[in-house]
Amino acid sequence: MTSQASSRQPKYQRIADALRAAIQAGEYGPGDRLPGENDLMAMYDVARMTARQALGVLQNEGLVEARKGAGVFVRGFKPLRRRGIERLAQEQWGAGRSVWSVDAEDRVLVVDQVEVQEETVSDPVAGVLGVPVGSRVWVRSRRFVLDGKPVLVATSYLPSDIVADSAITQADTGPGGTYARLAELGHAPVRFREEIRSRMPSADEAERLALSVGTPVIQIARTAFTGDGRAVEVNEMTLDSASYVLEYDFDA
């Protein structure tokens, strides 16, 4: 960017760019405190609102987090690399491994909240599963925590006529998880569809994921299909966008 173009940038953006460059250069490492609003006001001769906006830019990007009463700190969390194709391969869950283990690699991903119950299904999930509104489905809601940080909440919907009285209706589904149990029931998933979008979180999502102010979430809606085309699971996932990199590796 030319100096002329830089001069046309808002002051808060130029300050944010300078702080970002300092973080990337290692001048501020994970866990380090950035200059506060008063510091930035003095360093750049700007108003408090300008300094606040500059720090807000970095918070929105997920590079830093604000700690009440302490300041703004460089995030020390290493993002998860979500390998969207590899994680769903049958050789993964068919061998008794969790699909989530591909994301976590050698780190421990903990499910610290689990709720499993039978409910009546409403639109739009009923439409995706191809069942009438009001049909009974089993709902599995989980929260996943990595390195002490909540990173994902997920809710799965599965037709009761398939999964009733199976391990899928228990908190612990066993080795290989839900897909391995579906295979044992004669409804192995052979195809998946994922729809992805980014948005701002609801108040409940922000609380459950312990999100910094201004951090968006990634919403992934996955449908699992059997060989005859029946949808056997809808999984609605909400990810902390600052905690994930989405990776899709496939042949041309």
Colleague: Could you go step by step and tell me if Val57 and Arg20 meet the side-chain contact (heavy atoms from CB on, under 4.5 Å) rule?
Modeller: CA-CA 10 Å; Val57 168; Arg20 186 188 306 104; 4.0 Å; yes
Colleague: Has Arg82 got its NZ or CZ under 6.0 Å from the middle of the six-membered ring of Tyr244, at an angle within 45 degrees of the ring axis?
Modeller: no
Colleague: Identify whether NZ of Lys or CZ of Arg in Arg67 sits under 6.0 Å from the centre of the six-membered ring of Phe73 and within 45° of that ring's axis.
Modeller: yes
Colleague: Rounded to the nearest 0.5 Å, how far does OG of Ser243 lie from CG of Leu211?
Modeller: 8.0 Å
Colleague: Examine distances only and state if a side-chain atom of Arg33 and a backbone atom of Ala70 form a donor-acceptor pair shorter than 3.5 Å.
Modeller: yes
Colleague: Let me see the working for Val72 and Gln59 under side-chain contact (heavy atoms from CB on, under 4.5 Å), right down to the final yes or no.
Modeller: CA-CA 9 Å; Val72 176; Gln59 288 182 62; 4.3 Å; yes
Colleague: Could you grab the distance from atom CG of Leu58 to atom CZ of Arg75, nearest 0.5 Å is fine?
Modeller: 12.5 Å
Colleague: Side-chain heavy atoms nearer than 4.5 Å, only ILVMFWY residues, links allowed to pass through others: does that put Phe250 and Leu88 together?
Modeller: yes
Colleague: Taking CE in Met49 as the centre, count heavy atoms belonging to other residues, nucleotides or ligands within less than 6.0 Å. Is the count above 12?
Modeller: no
Colleague: Answer yes if Val245 and Ile196 sit in the same cluster of Ile, Leu, Val, Met, Phe, Trp and Tyr residues linked by side chain heavy atoms under 4.5 Å apart, and no otherwise.
Modeller: no
Colleague: Tell me whether Asp45 at atom CG has more than 12 heavy atoms from other residues, nucleotides or ligands lying less than 6.0 Å away.
Modeller: no
Colleague: Measure from the side-chain N and O atoms of Ser160 to the backbone N and O of Arg136, and report whether any donor-acceptor pair falls under 3.5 Å.
Modeller: yes
Colleague: For Asp165, does the CG atom sit with more than 12 other heavy atoms under 6.0 Å from it, leaving out its own atoms?
Modeller: no
Colleague: To the nearest 0.5 Å, what is the distance between CD (Glu27) and CG (Leu34)?
Modeller: 11.0 Å
Colleague: Can you tell me if Arg140 uses its side chain to pair, donor with acceptor, with the backbone of Ile168 under 3.5 Å?
Modeller: yes
Colleague: Could you tell me whether a side-chain N or O of Thr226 sits under 3.5 Å from a main-chain N or O of Arg230, the two making a donor and an acceptor?
Modeller: yes
Colleague: For Ala154 and Asn235, which heavy atoms make the closest approach, and how far apart are they?
Modeller: CB-OD1, 3.7 Å
Colleague: As a quick check of understanding, evaluate side-chain contact (heavy atoms from CB on, under 4.5 Å) for Val217 and Arg199, giving each step before the final call.
Modeller: CA-CA 6 Å; Val217 293; Arg199 59 174 174 79; 3.8 Å; yes
Colleague: Whether Glu184 and Arg181 form a salt bridge (side-chain N of Lys/Arg under 4.0 Å from carboxylate O of Asp/Glu) is what I want to check.
Modeller: yes
Colleague: So which heavy atom on Ala164 is nearest to which on Trp138, and how close?
Modeller: CA-NE1, 4.1 Å
Colleague: Kindly give the heavy-atom pair with the smallest separation between Val99 and Arg87, and that separation in Å.
Modeller: CG1-O, 3.2 Å
Colleague: Determine, step by step, whether Arg193 and Val128 satisfy the side-chain contact (heavy atoms from CB on, under 4.5 Å) criterion, reporting the C-alpha distance in whole Å, the side-chain angles of both residues, the deciding distance to 0.1 Å, and the verdict.
Modeller: CA-CA 11 Å; Arg193 180 181 65 220; Val128 178; 4.1 Å; yes
Colleague: Treat each ILVMFWY residue as a node, draw an edge where side-chain heavy atoms are under 4.5 Å apart, and state whether Leu19 and Tyr12 are in one component.
Modeller: no
Colleague: With side chain to side chain contact (heavy atoms under 4.5 Å, CB included) as the test, pick out the partner of Val232 among Thr223, Leu182, Leu129.
Modeller: Leu182
Colleague: Can you check whether Thr238 reaches Arg208 side chain to side chain, under 4.5 Å on heavy atoms?
Modeller: no
Colleague: For Glu247, I'd like to know if atom CD has over 12 heavy atoms of other residues, nucleotides or ligands within 6.0 Å.
Modeller: yes
Colleague: Got a second to check how far Leu152's CG is from Asp103's CG, nearest 0.5 Å?
Modeller: 8.5 Å
Colleague: Less than 3.5 Å apart, any donor N or O on the side chain of Glu119 or Gln117 sitting next to an acceptor on the other?
Modeller: yes
Colleague: Gln92 side chain to Ser98 main-chain N or O, any donor-acceptor pair under 3.5 Å?
Modeller: yes
Colleague: Is it the case that one hydrophobic cluster holds both Tyr28 and Met43, taking links as side-chain heavy atoms less than 4.5 Å apart, direct or via other members?
Modeller: yes
Colleague: I need the minimum non-hydrogen distance between Val137 and Tyr157, along with the two atoms involved.
Modeller: CG2-CD2, 4.3 Å
Colleague: Evaluate the side-chain hydrogen bond (donor to acceptor under 3.5 Å, both in side chains) criterion for residues Ser156 and Arg142: first the C-alpha distance (whole Å), next the side-chain angles of each, then the deciding distance (0.1 Å), finally the verdict.
Modeller: CA-CA 9 Å; Ser156 296; Arg142 294 89 72 209; 3.2 Å; yes
Colleague: Heavy-atom count check: over 12 atoms from other residues, nucleotides or ligands less than 6.0 Å from Tyr248 OH?
Modeller: yes
Colleague: How far apart are the closest heavy atoms of Pro189 and Phe192, and which atoms are they?
Modeller: CB-CZ, 3.6 Å
Colleague: Is it the case that more than 12 heavy atoms not belonging to Asp249 sit under 6.0 Å from its CG atom?
Modeller: no
Colleague: Between Arg14 and Asp17 (salt bridge meaning N to carboxylate O under 4.0 Å), is one present in this structure?
Modeller: no
Colleague: Please say yes or no: joined through hydrophobic side-chain contacts below 4.5 Å, possibly via intermediate residues, are Leu158 and Ile162 part of one cluster?
Modeller: yes
Colleague: Distance only, no hydrogens: is a donor on one side chain within 3.5 Å (strictly under) of an acceptor on the other, for Ser202 and Asp204?
Modeller: no
Colleague: First locate atom OG1 of Thr155, then atom CZ of Arg143, and finally report the distance between them rounded to the nearest 0.5 Å.
Modeller: 13.0 Å
Colleague: Indicate whether the side chain of Glu233 and that of Tyr179 have a donor and an acceptor atom separated by less than 3.5 Å.
Modeller: yes
Colleague: With the threshold set at 4.0 Å, does a side-chain nitrogen-carboxylate oxygen contact exist between Arg107 and Asp147?
Modeller: yes
Colleague: So do Ser141 and Val153 actually touch side chain to side chain, heavy atoms under 4.5 Å?
Modeller: no
Colleague: Could you tell me the separation between the CG atom of Leu209 and the NZ atom of Lys149, rounded to the nearest 0.5 Å?
Modeller: 6.0 Å
Colleague: Check Val74 against Val64 and note the closest heavy-atom contact, atom names and distance.
Modeller: CA-CG1, 4.1 Å
